[in-house]
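Throughout, residue positions are numbered sequentially from 1 according to the sequence presented. Numbering of ligands and ligand atoms starts at 1, following listing order.
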Amino acid sequence: MPAVVIVGAQWGDEGKGKVVDLYTERADVVVRFAGGPNAGHTLVVGDEKIIVRLIPSGILRPRARCVMAQGMVVDPAVLLGEIDALAARGTNTSGRLFVSDRAHLILPYHVLVDGLRESAAAESRKIGTTKRGIGPCYEDKAARRGVRAADLRDMGRMLGLVERATAAWAPTIQALGGEVPSPRAIVEALAPLAARIIPIVTDTSVLLEDAVRKGQAILLEGAQGTLLDLDHGTYPFVTSSSAVAGGACVGAGIGPTRIQRVIGITKGYTTRVGAGPFPTELHDEVGERLRTAGGEFGSVTGRPRRTGWLDLPALRYAARVNGLDGLAVTKLDVLTGLSKIGVCVAYDTPNGRTGEFPIDGLEDAKPVYESLPGWAEKLPAVRALSDLPGAAREYLRFVADAVGVPIDIVSVGPRRDETIVLRDAFAS
Ligand code: GDP
């Protein structure tokens, strides 16, 4: 059975929750390889909704083992809150949930710095972080003063690490008008959490290699999207971790030769949250219509997302840096009712016209559009490609041809069954 990587091909919010949920039905192991408690998936258990930000959404499938791999940053309190919320609703995570011994821990000073910085930044300079300490935690990792899950096993050593990190952050905290927290108080508060987390701390790279040897189906789930990737995104308006497929190998401790398929998720249009360049953004009533019909508002903040037409140079870029084998196109239903659908096919730049995504100099790039016919039919009941309106089929064909990647899945509504599956990702 293959290892399949799923990544966002745009600026995040592509509908990964739904697509990952579809695939986890077949997976023996579901792995999150990057990011922290920012990407929320809404899980529906009976009549109740639970938001998981750290635990892979596969936790609701009783046969799936779920791994928070070492590319992630984990807030111990958030993790235990999620475990308790799941337990309260009858989902037992014990024996099925693992956190890498090398995953870095988000501690109170990370959250503090994140909040202080975002409040201090001028409106125009806000990166739009979720203020959960993710960025500062990755900074500590790169500065080689981070605290890892394995350190929970030794609270004496932990105190030394926390003292070193708080001393390093103290000038920043003070300059931003904050109060430096006491390392001892942090470690005392952490001790009872540590006792509960230690049993699930594992060398998850060994766990994955074992699963590979047994021929199990492994799903590696990215956070955010390609254009928010630290290396390949629209820097500096990016996240602090790896959101591309290569990040699955680095972040999960699995070799590239083990990956058999990479699927990129894209909406039928584009959205972006927060600041940063977005060439195909629409400021007109069509943009407003996409926002309303697509429910494009932040799931936590309620903040309206920026909306625009599909950007094919950007998608081709995502196909290249991820090595995409298949596309999952979501929210096609949201385009229903538009008489014409714009698609960016190239850019006019100061150096001439290009079909490449000008990741540097994006601010000066002017999209070149083609206009495709729209359709009026509602789509959520459609289950086969042949039952889609001709214009919708044509739109999908245009996108697949232009990107040079076949479409595996078309999502025509938020529900699990509102999906057209064209290819089984786990088929060998
Ligand atoms: P993620 O951040 O990429 O994981 O995106 P989510 O999984 O949170 O998806 C964003 C929202 O889009 C959720 O409210 C989904 O229910 C919704 N959604 C996903 N696919 C579709 C679709 O095909 N059509 C519509 N109308 N909504 C969808």
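- Below 3.5 Å of separation, one finds an N or O of G15 facing an N or O of ligand 1.
- Defined by atom type and a distance below 3.5 Å, a donor-acceptor pair is present between the side-chain atoms of T266 and Q10.
- Side-chain atoms of K331 and S411 form no donor-acceptor pair, as typed in the model, at a separation below 3.5 Å.
- Of all atoms in ligand 1, listed by their number and element, those nearer than 4.0 Å to a heavy atom of K18 are 7 (O), 20 (N).
- The proximity of D13 to ligand 1, defined as any non-hydrogen pair under 4.0 Å, involves the side chain as well as the backbone.
- Distances between N or O atoms of V334 and those of ligand 1 include no value under 3.5 Å.
- At least one N/O-N/O distance between K16 and ligand 1 falls below 3.5 Å.
- Residue G12 has no N or O atom closer than 3.5 Å to an N or O atom of ligand 1.
- Side-chain contact check for T226 and N322: at least one donor-acceptor pair (N or O, by modelled atom type) lies under 3.5 Å.
- Here V412 has backbone heavy atoms under 4.0 Å from ligand 1, and that is the only part of it that gets that close.
- Within the 6.0 Å centre-distance limit, the rings of F278 and W11 are counted as a close aromatic pair.
- A side-chain donor-acceptor contact under 3.5 Å links T234 and R272.
- Under a 4.0 angstrom heavy-atom cut-off, G8 registers as lying outside contact with ligand 1.
- The S411 neighbourhood of ligand 1 comprises atoms 20 (N), 21 (C), 22 (C), 23 (O), with distances under 4.0 Å to a heavy atom of that residue.
- When only modelled atom types and interatomic distance are considered, D140 and Y109 share no side-chain donor-acceptor pair under 3.5 Å.
- Under the 3.5 Å distance criterion, with hydrogens and angles disregarded, a donor-acceptor pair is assigned to the side chains of W375 and T336.
- Residue-to-ligand polar distances keep R305 apart from ligand 1: every N/O pair is separated by 3.5 Å or more.
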